[in-house]
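Whatever order the structure lists them in is the order used to number ligands and atoms, beginning at 1. Along the sequence shown, residues carry numbers from 1.
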Amino acid sequence: MANKPIEPPVPKEMLPRHIAIVMDGNGRWAKKRGMPRGYGHVQGARTFRRLLEYAHAIGIKYISFYAFSTENWRRPDDEVHGIMNLMRKYLKDAYNHFDLRTRFVLLGDETGFEPDLMKQFEDIQKDTDDFEVMTVGLAANYGSRREIAHAAQELAQLVKKGELEPEDITEELLAQHLYTHEMPDVDLLIRPGGEQRISNFLLWQCAYAEFYFCDTLWPDFDSKELDKAIIEFAKRTRRFGGL
Ligand code: FPP
């Protein structure tokens, strides 16, 4: 991985702090080429790595990717298996790029994975825990409603044990029990692939996010496309409910 800084498309202070991306369109990209869907995921994973490198080079501090939803288990076994193997491969690959000081955080329920992959997720989080240049959220076995329900369960347990009063449950406290508790809210949500929906991704964290949709299928989404989204983001006026 190259890690030479690259001039960002907008002044540094106008960059989104946290970008979240729904990596959509792999299947259609492969179909257009008469290839199996799995080939689209292979290319999609390469795009993931290239974009990670680019985001790092232009100075993005937080970036999250939707890699696998809780609903994606319903896909055919070979497709699920292929995506799991890609995660194994790219988690291993991350160890070759420790010079980038990128921290990896799993957003999702790790207990859903095969034991070896679960261990890989645990290890990468532990091994990159004090890296500070960029934080990457990998949403895998992730669903936003489930995440919020899980946070509510944790808080309810604290109430049950007498360690918390119900009226002390604030937005901030609930946010501390989400998988993203060490990340700021999302500033820019990008969804390539032509669909314009959020699909149960970071619902709480996107409360004030700017949305950017484009028709490019994920495997073709490159640094120029990311620049376009960032430039569009920088043009928008964010009022956070104020005037
Ligand atoms: C959505 O496209 C994509 C997925 C469900 C899987 C994304 C997974 C990867 C890019 C590879 C593994 C991830 C990492 C981080 C190494 P789709 O197949 O639903 O697209 P379609 O709408 O064209 O069918």
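The protein heavy-atom contact nearest to atom 9 (C) of ligand 1 is Asn26 ND2, 4.0 Å. What sits closest to atom 5 (C) of ligand 1 on the protein, heavy atoms only, is Asn72 OD1, 3.5 Å. The protein non-hydrogen atom at the shortest distance from atom 12 (C) of ligand 1 is Leu86 CB, 4.0 Å.
The closest approach between a heavy atom of Phe68 and any atom of ligand 1 is not below 4.0 Å. At a 4.0 Å cut-off, at least one heavy atom of Gly25 sits close enough to ligand 1 to count as contact.
Closest heavy-atom contact between Ala67 and Met23: CA-CE, 3.7 Å. Contact detail for Ala140 and Met87: the closest heavy-atom pair is CB-SD, 4.0 Å. Looking at every heavy atom in both residues, Leu138 comes nearest to Leu91 through CD1-CD2, 3.9 Å.
Closest to atom 18 (O) of ligand 1 by heavy atom, among Lys31, Arg49, Arg37, is Arg37. The nearest non-hydrogen atom to atom 8 (C) of ligand 1, considering only Ala140, Ala67, Pro219, comes from Ala67. Compare Gln43, Arg28, His41 by their heavy atoms: the one nearest to atom 23 (O) of ligand 1 is in Arg28.
Below 4.0 Å from some heavy atom of Met23 lie the following atoms of ligand 1, by number and element: 1 (C), 2 (O), 3 (C), 10 (C). Every atom of ligand 1 is numbered from 1 in the order shown, and the set under 4.0 Å from a heavy atom of Gly27 is 17 (P), 18 (O), 20 (O), 21 (P), 23 (O), 24 (O).
Arg146 places no side-chain N or O within 3.5 Å of a backbone atom of Tyr142 that could act as its donor or acceptor partner.
The residues Asp227 and Lys224 are annotated as not salt-bridged, no charged nitrogen and carboxylate oxygen being separated by less than 4.0 angstrom.
By the neighbour-count criterion of 12 heavy atoms within 6.0 Å, atom NE2 of His81 is sparsely surrounded, having that number or fewer from other residues, nucleotides or ligands.
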Would you list the atom pairs, donor with acceptor, under 3.5 Å between side chains in residues 184-195 and any protein atom, with sequence neighbours excluded?
unit_1: Asp187; atom_1: OD1; unit_2: Arg238; atom_2: NH1; d: 3.1
unit_1: Asp187; atom_1: OD2; unit_2: Arg17; atom_2: N; d: 2.8
unit_1: Asp187; atom_1: OD2; unit_2: His18; atom_2: N; d: 2.9
unit_1: Arg191; atom_1: NH1; unit_2: Arg197; atom_2: O; d: 2.8
unit_1: Arg191; atom_1: NH1; unit_2: Ser199; atom_2: OG; d: 2.8
unit_1: Arg191; atom_1: NH2; unit_2: Asp24; atom_2: OD2; d: 3.1
unit_1: Glu195; atom_1: OE1; unit_2: Arg197; atom_2: NH1; d: 3.4

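Residue contacts with ligand 1 for Arg75 involve side-chain atoms from C-beta outward but no N, CA, C or O (heavy atoms, distance under 4.0 Å).
Checked options Tyr54, Phe65, Tyr66, Trp218; the residue passing with Phe48 is Phe65 (criterion: ring pair (Phe, Tyr, Trp, His ring centres under 6.0 Å)).
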